[in-house]
Amino acid sequence: MTSSPIHAFTDDVLADHDAVGVAQAIAAGEFSAAEAVDAAIARLAGVDPQLEAIRRDDFDRARRRAGAVRRGGLAGVPSAFKDNIPVGGLPMTEGSQAFPTTPKAKNGPVASQFLATGLIPIATTNMPEFGWTCSTESRTFTTRNPWNTAYSAGGSSGGSAALVAAGVVPIAHGNDGGGSIRIPASICGLVGLKPTRGRLRAGDSAKMPVRIVTDSVLARSVRDVATFYAEAEKVHRNRTLPAVGLVDRPLERRLRIGLMVDSPVGKPTDPQVRRLIEQFAARLDALGHDVVPYDAPVPRFFVDDFSDYWGFLAYMGSTQGERMFGKGFDASKLEPLTHELARRGRASLAKAPVYLPRLATSSIGSRVAFRRGPDVVLTPVLSGTTPQLGYLGPEVDPSVHFDRLLDLVGFTPLANATGSPAISVPAGLDDQGLPVGAMLSATHGAERLLLELALQVEQAHPFERIIDGAYNA
């Protein structure tokens, strides 16, 4: 497998525009939504045989939608949906061979809100089965990192991240139950915000005992993520949370930022990641912020509680699959990691009355910690650098796989349990030339603060992209 970057940027109408740039050009009449969609489809054809990012195409309907597009917001911008939300007319298989392939009758609440922003999905994207792991690999596909195709694109929103990083579309849907937006954003050099629980409409995740999953987008610029939230808020506004509004200018006040380079519940951070996060902290200091060392008050039992909950969800999915996912669900086709997680979940069922309430009440502790501590916490996204393909693949012994996973994700799951917002932004490149992300976390409802801070960093230190202004012919 080549180690050269794979991207689709060329001198078509999409050029190197971000999503806002595409929408503005469509609104100005520089090109049509139909031309934008056709360009994205052509780009996909050029790179997906190498990246394996898409699950199913939706080209015909995308072209129809482009022909009837309105102006404003993100209208006409090509995008993609991750393969784990109901999209009318397409199957939802969650990266698994076990799921029925019957098309969904209608859009779920998540897809409906996204479509109302004006985005036009051209495909659904690959993910690891049920999103259990942070590399988009399975027995039937391997999604590759466009920066270096020998490496993982992250997970579980790895297919969406690969498409955005490679320039096929400027923005794409993802969701995050343990880091599944922030991790591929970090690994692919993107911006990925996990919002406060309840910020956007929820699908089946609203039925979870502890709602750890939230939906969002991955993009190449902060303003794209900010514009998406402004448009999404016009469709659905959670009145229990402060409004996000349109973030169109950087932060203009000094913050107290807590720096935590090592996970309070995991292995020490890799030296390359440590160096990049410390450099990122120095940038924040140079911007006038007060960066101080910080130790988050995370109980040691958190890892066991979150792991037991992962197992609980796998056990329910594997034993109640037909009831939950429809007639034709075949548990015998589930992958080894799912079976291992389900085994662990069954073994820990007796502890559910302990770990479920502890996870559910972790949001209270998070709010108290932010009230007493810093405005924002800076950490790595992952404890290590990007894994090579196969390190978290389906051929790995599932017990080894799970241990490797825990070693990597020492930071991201906490925000899923507490329901607080966290954003991944590019921090730089490691020694292999692969992106590493910095994670900025804040208290409930503080998405606007995180976006303003991210925009301030981006304007002062533009993020490195897979291209340097030169296009492939």
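Side chains included, hydrogens not; waters and symmetry mates left out as well; all remaining heavy atoms used.
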Between [X] (side chain) and [Y] (backbone), is there a donor-acceptor pair under 3.5 Å?
X	Y	result
R237	L241	yes
D270	S383	no
R182	T412	yes
T379	F411	no
R404	Y391	yes
N145	I187	yes
S157	N175	yes
E35	S32	yes
S263	G410	yes

Working to the nearest 0.5 Å, report the span between [atom1] of [X] and [atom2] of [Y].
X	Y	atom1	atom2	result
I122	D60	CD1	CG	12.5 Å
E340	L334	CD	CG	13.5 Å
L392	H401	CG	NE2	4.5 Å
M92	S96	CE	OG	10.5 Å
T269	R275	OG1	CZ	13.5 Å
T117	E233	OG1	CD	13.0 Å

Quick one: sort the H173 and F81 rings into parallel, tilted or perpendicular, breaks at 30° and 60°. perpendicular
Hey, what's the ring geometry for F306 with W310, parallel, tilted or perpendicular (30° and 60° as the breaks)? perpendicular
Determine, step by step, whether F130 and F99 satisfy the ring-ring contact (aromatic ring centres under 6.0 Å, His included) criterion, reporting the C-alpha distance in whole Å, the side-chain angles of both residues, the deciding distance to 0.1 Å, and the verdict. CA-CA 10 Å; F130 282 111; F99 276 64; 5.5 Å; yes
Candidate pair D12 and R43, rule salt bridge (Lys or Arg N to Asp or Glu O under 4.0 Å), full reasoning: CA-CA 9 Å; D12 59 13; R43 288 183 174 202; 2.6 Å; yes
Salt-bridge present ([X], [Y]; N to O < 4.0 Å):
X	Y	value
R223	D248	no
K327	E322	no
E129	R139	no
D215	K194	no
E452	R249	no
D204	K207	yes
K234	E231	yes

Side chains of [X] and [Y]: does their closest heavy-atom pair fall under 4.5 Å?
X	Y	answer
W147	I6	no
I120	S79	no
D224	V217	no
T418	R197	no
D176	S216	no
L44	L163	yes
L451	V244	yes
T227	L74	yes

Derivation of the side-chain contact (heavy atoms from CB on, under 4.5 Å) call for K104 and L90: CA-CA 6 Å; K104 294 295 180 180; L90 294 177; over 6 Å; no
For residues [X] and [Y], report the shortest heavy-atom separation together with the two atoms involved.
X	Y	result
E52	P49	CG-O, 4.3 Å
P380	V273	CB-CG1, 3.7 Å
A161	P184	CB-CB, 3.6 Å
A162	C188	N-SG, 4.4 Å
S332	D330	OG-OD1, 2.5 Å
A226	V247	CB-O, 3.6 Å

Stepwise side-chain hydrogen bond (donor to acceptor under 3.5 Å, both in side chains) check, N126 with D83: CA-CA 6 Å; N126 277 332; D83 178 36; over 6 Å; no
Candidate pair L200 and V110, rule side-chain contact (heavy atoms from CB on, under 4.5 Å), full reasoning: CA-CA 8 Å; L200 301 179; V110 175; over 6 Å; no
Should the pair R199 and Y229 be classed as cation-pi, given the thresholds of under 6.0 Å to the six-membered ring centre and 45° from the axis? no
Can a donor-acceptor pair be found between the side chains of [X] and [Y] at a distance below 3.5 Å?
X	Y	value
T125	R55	no
T196	E447	yes
W132	S156	no
T136	T143	no

Passes side-chain contact (heavy atoms from CB on, under 4.5 Å), L434 versus L429? Steps please. CA-CA 5 Å; L434 289 164; L429 304 181; over 6 Å; no
Run the side-chain hydrogen bond (donor to acceptor under 3.5 Å, both in side chains) check on N238 and R201 step by step: do they pass? CA-CA 9 Å; N238 184 338; R201 284 178 175 167; over 6 Å; no
Stepwise side-chain hydrogen bond (donor to acceptor under 3.5 Å, both in side chains) check, S221 with E458: CA-CA 8 Å; S221 70; E458 182 185 33; 5.0 Å; no
For P146, which of V47, V164, L51 qualifies under side chain to side chain contact (heavy atoms under 4.5 Å, CB included)?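 Running side chain to side chain contact (heavy atoms under 4.5 Å, CB included) over V47, V164, L51 with P146 returns exactly one hit, L51.
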Output, in order, the C-alpha distance, side-chain angles, deciding distance and verdict of side-chain hydrogen bond (donor to acceptor under 3.5 Å, both in side chains) for S186 and S424. CA-CA 6 Å; S186 170; S424 173; 4.6 Å; no
Show your reasoning for whether side-chain contact (heavy atoms from CB on, under 4.5 Å) applies to M260 and L378. CA-CA 6 Å; M260 187 169 64; L378 166 64; over 6 Å; no
